[in-house]
Amino acid sequence: MDLTEIYEKGAAYFRQKEFGRLMGYVETGYISDNDRRILDRFTFRQQCIDAKEASTECAVLGVSLSTPVIMSAMTMPIPAMGDDALMQLARGLKTAGSLMWTGTPIPKNLAELAATGVPLVANVKPLKDRDKIYAELDKIVEQNVTWVGIEIDAGQGTKIGDKEMGFDCSPFSINEIRKIKKRVHVPLVCKGLLSREDAEKCMEAGVDLIVVSSHGGHTLDYLPHPLQVMDEIAAAVQGKLEIIVDGGFRRGTDVLKGMAFGASLVGLGRPILYALAAGGEQGVVDLIGGITGELARLMTMVGIPTPDEVHRNILIEG
Ligand SMILES: Cc1cc2nc3c(=O)[nH]c(=O)nc-3n(C[C@H](O)[C@H](O)[C@H](O)COP(=O)(O)O)c2cc1C
């Protein structure tokens, strides 16, 4: 299935479902329009003489992937899409050489998902019941996950359209992040940064990776697209932390723009759900394969043979 078909079929599926409202955005929907507007601001400097065929293989904190295109943190509404939907997703992402990332609720079968061989990340929200978070973290790390993620941006709960989502959260302090880092014995990811200040605090707390993200427009309205803040974050981090980015990335061209701004990996939220809806396990393989194929073709024609060599000068702004 090609990408256009995946997106059309996926969107049609969610239009028919009550849980399809999860594809929406908070309040005015500004974030959805702004994501596209910012990504469309950049074109590419083609440099094809002497171009070498590019490889998309990459490694982040020792995890080898066939592609920098990964799943962003999500669980809802996957279980409602079919009893086997999480397993189909895990197998599809494994075949595609990508990475799986679960969100809220934390799936009970993380160990089974990890047993497919897919690198697996599991996230926790900053629930006000901190004891519950620690208990959840302990359970997660026992289940062979590759990394553990904490959401720093869900501190005031979540709302889609005008509808409140029921999570009783409050923001983490830097000391709590330090405590969590000490508790888990796998790399710790902080998800949902949009400023230099939070990046500096993550570094101070000793986290291993950060995700620059507006949570897919599910938390606050009028947040910037990650590319609008990547420069200040990359300047603060100075290559000492790996950066992941997500928000509105839909094609290989979008992914290369995220990488040009300094991201090692680029996450997909809604596209993963569309692919699963459109074609199950094979839909996921086709989505990641389709976007990665576009990325490889483009990398070749801008003179970038490997993901490590991507740099900002391949972009033309305006
Ligand atoms: C249905 C849905 C559920 C999500 N659940 C979570 C979650 O549990 N935890 C989290 O950190 N982010 C969650 N997100 C945000 C995604 O991880 C990601 O940041 C966002 O979807 C990326 O934008 P995109 O959908 O435009 O690709 C969710 C997003 C969607 C669409």
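In this text the structure is predicted, and so the values were computed from the model without any measurement. For ligands, and for the atoms within them, numbers begin at 1 and follow the listed sequence. Starting from 1, each residue takes its place in the sequence as its number.
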Which atoms from ligand 1 have a heavy atom of [X] less than 4.0 Å away?
{"X": "Asn123", "answer": "11 (O)"}
{"X": "Lys125", "answer": "7 (C), 8 (O), 9 (N)"}
{"X": "Gly216", "answer": "19 (O), 20 (C), 21 (O), 22 (C), 23 (O)"}

Derivation of the salt bridge (charged side-chain N to carboxylate O under 4.0 Å, His left out) call for Asp221 and Lys159:
CA-CA 10 Å; Asp221 208 356; Lys159 181 178 171 186; over 6 Å; no

Going by an N to O cut-off under 4.0 Å, is there a salt bridge joining Glu294 and Arg251?
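The answer is yes: the pair qualifies as a salt bridge.
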
Tell me which part of Arg250 gets within contact of ligand 1: side chain, backbone, both or neither, using heavy atoms under 4.0 Å.
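Under 4.0 Å from ligand 1, Arg250 contributes side-chain atoms alone.
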
Does ligand 1 have a heavy atom under 4.0 Å from the side chain of Thr75, from its backbone, from both, or from neither?
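The answer is neither; Thr75 stays 4.0 Å or more away.
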
Any idea how Tyr30 and Tyr222 line up, ring-wise: parallel (<30°), tilted (30 to 60°), or perpendicular (>60°)?
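Judged by the thresholds at 30° and 60°, the geometry between Tyr30 and Tyr222 is parallel.
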
Tell me whether the centres of the aromatic rings in Phe261 and His311 are closer together than 6.0 Å.
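That pair fails the under 6.0 Å test.
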
Look only at interatomic distance and state if Asp246 has a nitrogen or oxygen under 3.5 Å from any nitrogen or oxygen of ligand 1.
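Yes, there is a polar N/O contact under 3.5 Å.
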
From atom 14 (N) of ligand 1, work out which of Ser213, Ala73, Gly248, Pro105 has a heavy atom at the shortest distance.
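Of the listed residues, Ala73 has the closest heavy atom.
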
Give a yes or no on whether Arg37 atom CZ has more than 12 heavy-atom contacts from other residues, nucleotides or ligands under 6.0 Å away.
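Yes, the 6.0 Å shell around CZ holds more than 12 heavy atoms from other groups.
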
Of the protein's non-hydrogen atoms, which lies at the shortest distance from atom 21 (O) of ligand 1, and what is that distance?
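Among all protein heavy atoms, the one nearest atom 21 (O) of ligand 1 is Gly269 CA, 3.6 Å.
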
